[in-house]
Amino acid sequence: MSNTDKFSVVLPVFNEQDNLNTLFSELKKAADTTGRPWEAVFVDDCSTDQSLSIIQTLAEKHAEVRYVAFAKNCGQSAAFCAGFDAVDSGIVVTMDSDLQNDPGDIPKMLDIFGDECEMVIGWRAKRKDTFIKRISSKIANAIRDGIMDDGVHDTGCSLKIMRTDLLLKLPRFKNMHRYFPILMKIHGARIREIKVNHRERGAGVSKYGTLDRALAGIYDLIGVGWLIKRHIDYTVKEKK
Ligand SMILES: Nc1nc2c(ncn2[C@@H]2O[C@H](COP(=O)(O)OP(=O)(O)OP(=O)(O)O)[C@@H](O)[C@H]2O)c(=O)[nH]1
Ligand SMILES: [Mg+2]
C-alpha cells in the first residue's frame, strides 16, 4: 500500500435525509486534503424518506459519488457487504451517515494505515451519546471482551479503515459489522487504534433500541464465539 492509493468510503444509509448533504461536503473537504483518488459509496437501505433522491443528486453532481440502492430493507450489515462488493479500490473506510463520526479524522487514519497494519479503528474517547447508550455499550464491551479478545477499546466505532481483500474473505451474517475487529484479526489483520472525534447525531432518529441491540448482541456473541473457535487457518508451504 502506498500513500497515493485510492480509498473508498462506504456509508450505510437508512432515513438520513437531513444529514447527507452536510456529510458529503465534510467528507469531500477531508478526502480532498489527502491528495489521493477516492470515492464515496452510499448504500441506501430502502429509506422511506428522501435519502435516495439526495444521494442520486449528489451522484449527478460529483464524480466521486456512487451508490447502491436496496429494493427492500436488509439491515446495516447487508449494506456494508453490498458496499464492499461495489468498491473500486483496495482500501475501505467505513463510517455512519448521521454525522456522529467526523470525516476530518480520515486523513490521519489513512496516514497510519498501510504496510504495518491492515486495519485502523477509531476510538471515541469522548462519546456524545446518552447515558443509557454509554452504559449499555460499556456492559456489552465488557461481556464481549470476556469472550473474545479483539484487542481494541471501542469495537463499535463505525469509523474504520480496512483492506478490501480481507473484508471480502469475512463470513457474512446479520450484525457482523459489530465484530469487524475480531473477524479481521482472525483473518490476519494487524490492528491499530486512534482517538477520534465523536459528535451528537445530526438530524433524525436512532435506528436501534437499547433492548433490541442487547438481545441480538447476546445471540450473536454465541455465534461469533463459535466462528472464532472453528476458524480455519492454514499456511501453504508449496504449490504447483
Ligand atoms: N443501510 C442501513 N443503514 C442503517 C440501518 N440502520 C442504521 N443504519 C445506518 O447506520 C448508521 C448508524 O445507525 P444509528 O441509528 O446512527 O446507530 P447509532 O449511532 O448506534 O445510534 P444513535 O447514537 O442514536 O445515532 C447510520 O448511518 C444509519 O443510517 C439499516 O437498517 N440499513
Ligand atoms: Mg448514530
Side-chain angles (χ1 to χ4, degrees), residues 8-27 40-56 58-59 65-87 92-103 105-106 121-141 144 154-160 162 167 172-181 196-217 220:
S8 307
V9 186
V10 173
L11 302 133
V13 175
F14 184 59
N15 291 351
E16 301 290 359
Q17 63 178 17
D18 296 319
N19 295 317
L20 294 172
N21 283 317
T22 310
L23 174 67
F24 182 71
S25 60
E26 288 187 359
L27 176 61
V41 179
F42 290 94
V43 186
D44 177 66
D45 200 2
C46 210
S47 292
T48 52
D49 66 1
Q50 293 305 305
S51 293
L52 180 57
S53 66
I54 294 167
I55 293 167
Q56 287 165 332
L58 285 170
V65 177
R66 298 175 48 222
Y67 65 89
V68 177
F70 283 169
K72 62 180 177 66
N73 185 265
C74 298
Q76 198 179 348
S77 284
F80 276 123
C81 291
F84 303 156
D85 289 338
V87 300
V92 166
V93 179
T94 57
M95 64 186 291
D96 285 348
S97 301
D98 62 353
L99 298 172
Q100 290 206 269
N101 300 129
D102 183 349
D105 286 313
I106 295 173
I121 179 166
W123 172 9
R124 299 163 293 177
K126 289 189 188 144
R127 289 196 51 177
K128 292 285 167 24
D129 282 319
T130 58
F131 177 70
I132 295 285
K133 180 100 180 275
R134 290 200 307 269
I135 289 292
S136 57
S137 168
K138 272 210 163 65
I139 296 170
N141 278 337
R144 187 162 36 209
D154 189 11
T155 310
C157 179
S158 291
L159 190 53
K160 299 180 175 86
M162 295 169 280
L167 276 176
R172 295 182 169 195
F173 54 92
K174 285 185 179 153
N175 280 341
M176 67 175 285
H177 66 279
R178 303 198 191 286
Y179 297 91
F180 281 149
V196 293
N197 193 13
H198 191 238
R199 312 180 292 191
E200 279 173 24
R201 170 177 259 287
V205 290
S206 174
K207 310 300 180 286
Y208 297 103
T210 307
L211 188 63
D212 297 352
R213 203 185 322 231
L215 292 177
D220 294 337

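Source: prediction; values computed, not measured. Note that ligands are numbered from 1 as they come in the structure, with each ligand's atoms numbered from 1 the same way. FYI, the numbering just counts along the sequence from 1.
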Tell me whether Glu200 is salt-bridged to Lys126, with the criterion being a basic N under 4.0 Å from an acidic carboxylate O. no
Listed partners of Gln76 passing side chain to side chain donor-acceptor pair (under 3.5 Å), at least two apart: His177, Tyr208
Would you find a donor on one side and an acceptor on the other, under 3.5 Å apart, between the side chain of Ser158 and the backbone of Met95? no
Looking at Asp220 and Asn175, would you say the former's side chain and the latter's main chain have a donor-acceptor pair under 3.5 Å? no
Using 0.5 Å steps for rounding, measure from the CG atom of Leu27 to the CD1 atom of Ile106. 5.0 Å
Below 4.0 Å from any atom of ligand 1, which residues have a heavy atom? Give them in chain and number order, please. Pro12, Val13, Phe14, Glu16, Val43, Asp45, Asn73, Gly75, Gln76, Ala79, Asp96, Ser97, Asp98, Gln100, Asp129, Lys133, Arg201, Ser206, Lys207, Tyr208, Arg213
So the protein N/O/S atoms within less than 2.8 Å of the Mg ion (ligand 2) come down to Asp98 OD2, Gln100 OE1
After noting the C-alpha distance and the side-chain angles of Ser53 and Gln50, does the key distance pass the side chain to side chain donor-acceptor pair (under 3.5 Å) rule? CA-CA 6 Å; Ser53 66; Gln50 293 305 305; 3.1 Å; yes
Tell me whether the rings of Phe180 and Phe80 are parallel (<30°), tilted (30 to 60°) or perpendicular (>60°). perpendicular
Has His198 got a side-chain atom pairing as donor or acceptor with Arg124's backbone, closer than 3.5 angstrom? no
Does Phe24 have any ring pair (Phe, Tyr, Trp, His ring centres under 6.0 Å) partners at least two apart in sequence or in another chain, and if so, which? His62
